[in-house]
Amino acid sequence: MTAEIEVSVHPGVTAIPAADWDACACPEAADGGHPLDPFTTHRFLSALETSGSVGGDSGWTPCPLVARENGRVIAVAPLYLKSHSQGEYVFDHSWAAAYERAGGSYYPKLQCAVPFSPVTGRRFLTRPGHEATGRAALIRAIETLTEREGLSSAHVTFCTETEAADPPPGWLSRTGEQFHWHNRGYGSYDDFLADLAARKRKTLRKERARAQEFGGTIQSLTGDRIRPEHWDAMWDFYQDTGSRKWGRPYLSRAFFDALHAMRDEVLLVLAERDGEPVAGALNLIGRDALYGRYWGCTEDHAFLHFELCYHRAIDWAIAHRLPRVEAGAQGEHKLARGYLPVLTHSLHWIPNPGFRPAVAEFLRLERASVAEEIADLTALGPFHRGDPPAA
């Protein structure tokens with residue numbers, strides 16, 4: 001007899017015991033090491049809630065799912081009720097406009113994602129041994145919640161290729177593009193440069209040398225080397241970048257303080273001059289990847305952005321034998337620095353039978369365009385003959 005699986009909706013990840021959540025989100029971290037994905041851990045998602053970065057009037061109302069079998073938690077999902085499409089990095093503004101021109105209300109909608117984090121990872125978080133049943137239960141719950149509440153749609157963004165490879169019946173798949181750096185077993189940055197075409201190699205060496213001319217020092221800090229005052233600097237940097245790029249920074253000041261408790265999973269790269277930070281980059285450390293997230297500065301210096309965000313990330317990954325660096329959303333300028341285009345994936349549930357075919361056709365054409373662009377950009381990459389050598 002098959003045990004019945006019950007799925008419940010909660011007012012936040014903070015309402016769910018950390019042990020239950022992390023048994024599904026990061027069981028590999030039970031050995032004391034880094035989680036594969038630091039963004040779906042209980043402590044990261046809770047920090048977003050307790051800091052006020054989500055909830056309230058943010059437009060991100062937490063409603064995470066918990067699936068239980070015989071009372072035991074077997075699967076969870078980070079889910080949010082959204083009143084807008086900000087902070088997602090998988091853009092559906094044109095869908096919203098078309099839906100509302102047709103007389104519907106696109107918002108609110110459901111979003112299964114890590115807020116403000118264009119980072120690929122599992123979205124259907126299952127306890128080992130319950131992958132199929134847990135995923136199916138979470139998907140059914142999202143569909144039921146969408147239709148019961150009369151919502152326009154549900155979206156699972158930056159899911160893994162495996163999760164997107166076999167879409168549930170009625171779900172639509174979407175692809176996007178990011179730029180990642182892959183470690184081919186390099187022992188040093190010079191080993192990486194040796195894989196590049198001579199002209200590209202020379203350009204990057206000059207670029208790194210120019211970056212050092214800002215008149216100060218650059219430090220890579222993690223763990224207890226990160227002090228509370230460093231978060232003051234990162235907040236100033238984040239405010240500067242946010243005000244220029246999207247008008248309203250998504251994260252609160254309290255979130256940066258909350259990250260201090262996670263400092264063993266944080267890498268700060270700070271440029272200091274005369275004892276004062278003038279630029280910085282914030283990364284999160286996963287078990288097999290370094291994730292670049294935020295950058296900012298109070299002074300403009302040639303190539304310092306590239307040095308802190310991209311070159312130093314490669315240095316760190318090589319030194320710590322991490323397989324890859326994910327440098328965040330978009331940015332063809334990353335190509336020349338060894339970050340090649342890769343596919344990202346998302347899934348979309350649109351119950352309206354009149355609207356779904358239009359979106360499906362849009363996605364079919366978009367997938368072809370994305371695939372073509374990735375092929376073209378890869379050929380233009382800095383590696384010998386456009387592609388890096390096989391691992």
Side-chain angles (χ1 to χ4, degrees), residues 13 18-19 21-22 25-51 53 114 116-117 119 121 180-181 183 186-189 211 216-238 241 251-273 275-297 304-305 307-328:
V13 172
W21 185 276
D22 287 342
C26 54
E28 71 284 347
D31 65 5
H34 290 299
L36 281 169
D37 181 358
F39 298 91
T40 54
T41 61
H42 190 277
R43 56 187 171 274
F44 184 87
L45 294 171
S46 294
L48 290 172
E49 294 176 11
T50 59
S51 67
S53 299
V114 177
F116 327 123
S117 301
V119 174
H180 298 174
W181 178 85
N183 191 345
Y186 303 122
S188 68
Y189 189 86
T217 60
I218 299 173
Q219 298 187 79
S220 295
L221 307 174
T222 190
D224 290 340
R225 294 187 66 200
I226 299 175
R227 302 188 302 273
E229 58 265 29
H230 290 139
W231 297 113
D232 293 329
M234 283 308 307
W235 171 249
D236 289 340
F237 300 148
Y238 176 72
T241 301
L251 300 173
S252 70
R253 176 66 180 84
F255 176 78
F256 287 82
D257 289 333
L259 275 184
H260 191 65
M262 295 177 57
R263 58 191 178 276
D264 286 341
E265 295 167 23
V266 172
L267 172 67
L268 293 184
V269 183
L270 294 178
E272 296 182 347
R273 192 164 55 80
E276 293 294 326
V278 298
L282 187 156
N283 308 265
L284 263 66
I285 305 168
R287 182 163 293 216
D288 61 5
L290 183 67
Y291 300 94
R293 287 306 302 116
Y294 303 111
W295 141 271
C297 62
L304 196 57
H305 171 226
E307 177 66 22
L308 268 58
C309 292
Y310 308 134
H311 302 310
R312 293 287 170 141
I314 291 174
D315 285 340
W316 177 271
I318 291 173
H320 293 82
R321 299 182 179 179
L322 293 179
R324 69 185 188 281
V325 177
E326 296 194 16

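What you see is a predicted model; the values in this text were computed from it and never measured.
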**OP:** Go through the steps to decide whether Asn183 and Leu322 satisfy the test side-chain contact (heavy atoms from CB on, under 4.5 Å), and finish with yes or no.
**Re:** CA-CA 7 Å; Asn183 191 345; Leu322 293 179; 5.7 Å; no
Subject >> From CA spacing to verdict: side-chain contact (heavy atoms from CB on, under 4.5 Å), Trp181, Ile318 >> reply: CA-CA 11 Å; Trp181 178 85; Ile318 291 173; 3.7 Å; yes
Subject >> Intermediate values then yes/no, side-chain contact (heavy atoms from CB on, under 4.5 Å), Val278 and Phe237 >> reply: CA-CA 8 Å; Val278 298; Phe237 300 148; 5.7 Å; no
Original post:
Run the side-chain contact (heavy atoms from CB on, under 4.5 Å) check on Thr222 and Ile285 step by step: do they pass?
Top reply: CA-CA 9 Å; Thr222 190; Ile285 305 168; 3.8 Å; yes
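With sequence neighbours left out, the salt bridge (Lys or Arg N to Asp or Glu O under 4.0 Å) criterion links Asp232 to Arg253. For the side-chain hydrogen bond (donor to acceptor under 3.5 Å, both in side chains) test, residues two or more places apart in sequence or in another chain that qualify with Glu326 are Arg324. In this structure, the ring pair (Phe, Tyr, Trp, His ring centres under 6.0 Å) partners of Phe39, at least two apart in sequence or on a different chain, are Phe44, Tyr291. With sequence neighbours excluded, the residues that form a side-chain contact (heavy atoms from CB on, under 4.5 Å) with Cys26 are Asp22, Glu28, Ala29, Pro35, Thr41. Residues that satisfy the side-chain hydrogen bond (donor to acceptor under 3.5 Å, both in side chains) test with Glu272, not counting sequence neighbours, are Gln219. Applying the side-chain hydrogen bond (donor to acceptor under 3.5 Å, both in side chains) test to Ser117 and every residue at least two apart in sequence or in another chain returns nothing.
Distance CZ/Arg225 to NE2/His230: 8.5 Å, rounded to 0.5 Å. One finds the CG atom of Leu48 at 6.5 Å from the CG atom of Leu251 (value rounded to the nearest 0.5 Å). Rounded to the nearest 0.5 Å, atoms CD1 (Ile226) and CD (Glu229) are 11.5 Å apart.
Side-chain contact between Val325 and His180 is absent, with no heavy-atom pair separated by less than 4.5 Å. Contact of the Leu270 side chain with the Leu221 side chain is registered, since non-hydrogen atoms from C-beta on lie closer than 4.5 Å. Between Ile218 and Arg312 the shortest side-chain heavy-atom distance falls below 4.5 Å. At a threshold of 4.5 Å between non-hydrogen side-chain atoms, the residues Leu259 and Leu282 count as touching. For the pair Glu265/Arg43, a side-chain contact is recorded, criterion being any heavy-atom separation below 4.5 Å from C-beta on.
Ring geometry for Phe256 against Tyr238 counts as tilted: the plane angle lies between 30° and 60°, on a 0 to 90° scale. Taking the six-membered ring for Trp and thresholds of 30 and 60 degrees, Trp316 and His320 have nearly parallel ring planes, at less than 30 degrees apart. Aromatic ring orientation, His305 versus Trp295: tilted (interplanar angle from 30° to 60°).
Between Leu267 and Ser220, the shortest heavy-atom contact is CD1-CB, 4.0 Å. Between Ser53 and Phe255, the shortest heavy-atom contact is OG-CB, 3.6 Å. Of all heavy-atom pairs spanning Asn283 and Leu290, the tightest one is CB-CD1, 3.7 Å.
A donor-acceptor distance shorter than 3.5 angstrom exists from the side chain of Trp21 to the backbone of Thr40, with no hydrogens or angles considered. Although no hydrogens or angles enter the test, the distance criterion places a donor-acceptor pair under 3.5 Å between the side chain of Ser252 and the main chain of Ser51.
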